There are 2 protein chains.
Amino acid sequence: MKRNVLIIGAGGVAQVVAHKAAQNNDKLGDLHIASRTLAKAEAVIASVHEKSAMKVAGVFKAHALDAMDTAAVAALIRDIGVQIVINVGSPFVNMTVLDACIETGVAYMDTAIHEDPSKICEIPPWYGNYEWKKRDATKAAGVTAILGIGFDPGVVNVWARAAADMMDKVHSIDIVDINAGSHGKYFATNFDPEINFREFTGTVYSWQGGKWQENAMFEIGKTWDLPIVGPSKAYLSGHDEVHSLSANYPDADVRFWMGFGEHYINVFTVLKNLGLLSEQPVVTAEGLEVVPLKVVKAVLPDPATLAPGYTGKTLIADFVKGEKDGKPVEVMIYNSADHKEAYEEVGSQGISYTAGVPAVAAAILVAEGVWDVGQMVNVEELDPRPFINLLNTIGLPSYIKDDQGDRLLQYEI
Amino acid sequence: MKRNVLIIGAGGVAQVVAHKAAQNNDKLGDLHIASRTLAKAEAVIASVHEKSAMKVAGVFKAHALDAMDTAAVAALIRDIGVQIVINVGSPFVNMTVLDACIETGVAYMDTAIHEDPSKICEIPPWYGNYEWKKRDATKAAGVTAILGIGFDPGVVNVWARAAADMMDKVHSIDIVDINAGSHGKYFATNFDPEINFREFTGTVYSWQGGKWQENAMFEIGKTWDLPIVGPSKAYLSGHDEVHSLSANYPDADVRFWMGFGEHYINVFTVLKNLGLLSEQPVVTAEGLEVVPLKVVKAVLPDPATLAPGYTGKTLIADFVKGEKDGKPVEVMIYNSADHKEAYEEVGSQGISYTAGVPAVAAAILVAEGVWDVGQMVNVEELDPRPFINLLNTIGLPSYIKDDQGDRLLQYEI
């Protein structure tokens with residue numbers, strides 16, 4: 001049993017985590033949120049109170065924190081007495097926050113793989129470059145560290161495990177992420193443009209035939225027949241979960257498919273080909289050194305401003321093929337979130353909603369001891385059943401479609 | 001009779017002017033070139049000598065000059081003893097250079113309308129905003145000032161006058177500018193991107209039915225059937241010559257049409273809609289204030305680097321309709337330049353070539369007294385015949401197509 005939670009970050013996902021944690025503060029205890037800019041953390045708490053989201057009377061405090069500073073993170077953890085840290089700050093701070101959790105012996109979780117700000121699209125093994133190097137230290141300290149417990153990575157890994165548990169052998173895992181929503185702007189990214197574009201500027205790695213296959217972004221497209229949003233074009237993309245799932249299911253093909261509209265691809269292609277997505281500085285005729293990507297970020301709408309006008313739905317699905325009792329089996333497990341409903345509930349759009357709610361579900365399972373495993377794990381290494389059941393009750397129900405029909409995925413435990 | 005020429009600027013057009021002036025230095029006398037950066041001016045002269053372009057032995061000197069400083073320009077004019085200034089620097093320096101010419105009593109010519117760096121796409125009357133305010137001062141000083149004597153504006157104005165002189169009444173003047181060449185890059189502008197994009201980011205003004213008509217860029221497109229390059233799509237655009245021609249032929253419709261490929265339009269549209277063509281500074285997340293357009297300029301290829309690989313042809317034409325002896329008449333006057341041939345002759349691509357050669361032709365006519373009119377004029381106010389005949393001999397022949405066929409336009413004077 002662990003109590004009291006520190007949320008690191010104050011962006012769209014942190015907003016969701018804060019609201020969802022508040023809605024479950026009877027199980028989680030005191031809540032804290034820390035951001036480089038105190039006012040941003042305070043604004044998140046104000047929004048929680050505005051919606052009267054706290055389930056029971058309790059603590060919710062804001063703190064200013066440089067999360068790149070391990071000693072500062074450790075000092076805050078000790079000072080406020082939290083046992084669970086939910087890191088939903090920039091992916092640049094994963095390692096410093098993880099180190100602080102190991103040092104203080106508290107549970108850690110995040111929703112995206114660590115990134116070095118100076119490197120774009122590192123080659124596999126991604127987790128092996130940073131997080132997995134701390135496996136031994138985490139185990140020695142008895143610290144629970146759950147890597148990538150947003151939606152993708154996160155729920156999709158849990159689904160892959162759940163589907164694999166229904167089979168004797170897994171042949172392929174295809175994860176499809178479609179945002180069929182509309183923000184009504186000419187162009188905008190749903191997360192920080194700097195992070196968002198970094199996902200798509202390099203080589204696309206997928207795991208096929210027992211080895212890494214390399215493709216260019218937008219090289220391989222496929223139209224998927226999906227519930228709720230209908231047939232949707234998605235493109236083979238690199239993504240965190242491809243790495244951990246391929247390590248845990250090395251005999252299966254593991255692919256990630258991201259949905260993009262033609263307009264997004266066109267704008268992205270123009271910016272990329274012109275060199276405007278580069279993180280390498282250029283010098284203007286006037287001698288000013290500037291990183292083009294940071295200027296693109298400056299002219300694009302702040303993703304946080306998109307939520308109020310966002311309409312439509314997300315659809316994320318795992319297609320898992322394998323065999324059971326010598327016969328081929330195929331299941332699709334999926335969820336759909338509604339942007340407008342998410343905004344009404346927690347003040348963020350659906351994509352932040354799907355990323356933030358799973359982290360809170362994991363925190364509840366750690367608090368209850370169910371997932372408090374005392375070591376570093378990727379999500380598919382944990383029992384998927386209590387997590388799927390819990391998500392069904394807190395806003396992200398999982399549905400399964402197979403030869404027995406299309407229904408809620410719910411376990412008897 | 002005037003002698004000795006100062007070229008201001010050291011870009012692609014200045015390069016052409018320098019070579020063409022050198023090829024005609026028997027008529028022009030001493031040559032000088034001044035640029036903010038001395039090395040750029042020296043590089044132009046080196047290229048002239050490399051091609052052995054000087055017709056007769058003579059002076060060609062480079063000078064460092066801040067052309068925004070009238071006193072400095074006047075001092076240089078007096079110091080080196082020139083009687084003709086060809087201003088092919090940035091359009092931001094027109095007024096300071098013109099003032100220096102009025103002060104020193106020497107002839108002035110330029111190839112583009114004055115622009116204030118802080119204003120984009122000013123509303124008509126464009127010449128009236130700056131240059132024409134100096135008409136009286138120019139006349140009082142007996143100074144010849146020829147405005148806009150590149151190709152467009154410039155030769156196209158001369159052609160309009162030549163066509164008008166063939167008619168009793170002019171109904172319409174349509175100027176069509178097509179670059180059917182290829183620089184082989186993903187995207188590049190043929191002039192300084194900052195100047196190039198400024199032409200297309202505002203309202204498009206055309207003169208129709210005796211008044212200004214306003215349209216959006218790329219709103220009105222038309223496919224023109226052209227010699228050499230074939231049918232070509234061009235879009236109603238604002239351009240310097242629309243203003244002066246509409247003032248001199250107020251009863252005619254005056255329109256300018258610029259050819260754009262779909263790819264150019266797409267890139268332009270993406271950049272414009274994202275706000276990346278703005279000259280208004282934005283602030284990055286790191287607090288750096290930066291003008292997006294200057295960053296776009298920094299990532300695009302330097303137009304000066306395009307020339308060596310440029311292939312294909314330009315085609316610029318005037319379509320003039322009117323009546324003669326009560327019957328409708330219609331003429332097309334046109335020129336086509338070849339990028340590769342231009343590069344081989346003067347080290348610049350065809351677009352710079354067409355802009356630079358006419359200025360030298362005008363300088364020769366001023367030197368010979370033919371166009372030395374002692375006042376400020378737009379080009380269509382001058383006798384077109386000696387100019388067209390001279391251009392036929394120095395690299396830019398004019399062709400005319402009417403009901404009598406398609407032939408070189410050459411005058412018996």
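Computed from a prediction, not measured in an experiment: that's the story for all the values here. First the proteins, then the strands, lettered A, B, ... as listed; each starts at 1.
Applying the 6.0 Å contact sphere to CD of A:E219 captures more than 12 heavy atoms from other residues, nucleotides or ligands.
Of the listed residues (A:L271, A:T269, A:L274), the one with the most heavy-atom contacts under 4.5 Å to chain B is A:L274. Each of A:P301, A:A188, A:A285, A:A298 has some count of heavy-atom pairs under 4.5 Å with chain B, and the biggest count is that of A:A298. Of the listed residues (B:V291, B:L276, B:L300, B:N273), the one with the most heavy-atom contacts under 4.5 Å to chain A is B:N273.
Looking only at atom types and distance, the side chain of A:N87 has a donor-acceptor partner in the side chain of A:N94 under 3.5 Å away. Side-chain contact annotation: A:Q15 with A:S47, donor-acceptor N/O pair under 3.5 Å present. Between B:H339 and B:N179, the side chains place a donor N or O and an acceptor N or O closer than 3.5 Å (distance only, hydrogens not considered).
When every heavy atom of B:Y186 is checked against every heavy atom of B:H263, the shortest pair comes out as O-NE2, 2.7 Å.
For chain A, the nearby part of B:V282 is the side chain; its heavy atoms alone come within less than 4.5 Å. When heavy atoms are compared at a cutoff of 4.5 Å, B:L288 approaches chain A solely by way of its side chain, counted from C-beta outward. Looking at B:E289, the atoms closer than 4.5 Å to chain A (heavy atoms on both sides) all sit in the backbone: N, CA, C or O. Only the side chain of B:K297 comes within contact range of chain A, with at least one heavy atom under 4.5 Å from a heavy atom of that chain.
The aromatic rings of B:Y264 and B:F187 are tilted relative to each other, their planes meeting at an angle between 30° and 60°.
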